[in-house]
Amino acid sequence: MNSEKIARINELYHKSQAEGLTEAEKKEQALLRAEYVANIRASLQGQLNNIDMIQEDGTVVNLGEKYGNKEAN
């Protein structure tokens, strides 16, 4: 997500607090927020998939390889 989209999210938020949004602006805000949340989740998932744990026996287990490919229930 680029800085222009983040600036637009902030602009719509401030406008909603000051004077309210039109229906089109509310839809735009919802779409931008959903995209932002999806990007944050993907970033976090990428970080979690790169964590290595050292076991008591000294072996290294990558959590992304162990848990990352499983589907959530």
> Do Lys66 and Met53 come within less than 4.5 Å of each other through their side chains, counting heavy atoms only?
Replying inline: no
> Looking only at heavy atoms, which two atoms of Asp52 and Val60 are closest? And how far apart?
Replying inline: CB-CG1, 3.7 Å
> Roughly how far apart are Asn49 CG and Leu44 CG, rounded to 0.5 Å?
Replying inline: 9.5 Å
> Would you say Ile6 and Leu21 are hydrophobically clustered, going by side-chain heavy atoms of ILVMFWY under 4.5 Å?
Replying inline: yes
> Is there a donor-acceptor pair closer than 3.5 Å between any side-chain N or O of Ser16 and the backbone N or O of Tyr13?
Replying inline: yes
> Do the side chains of Leu31 and Glu35 get nearer than 4.5 Å, heavy atoms only?
Replying inline: no
> Got a second to check how far Gln45's CD is from Ile40's CD1, nearest 0.5 Å?
Replying inline: 13.5 Å
> Does a side-chain heavy-atom distance below 4.5 Å link Glu19 with Lys15?
Replying inline: yes
>> With a 6.0 Å cut-off (strictly less than), is the heavy-atom count around CD1 of Ile54, excluding the residue itself, greater than 12?
In response: no
>> Let me confirm one number: the CD-CD distance from Glu11 to Glu28, rounded to the nearest 0.5 Å.
In response: 8.5 Å
>> Please report the interatomic distance CG(Leu63) to CG(Asn50), rounded to the nearest 0.5 Å.
In response: 10.0 Å
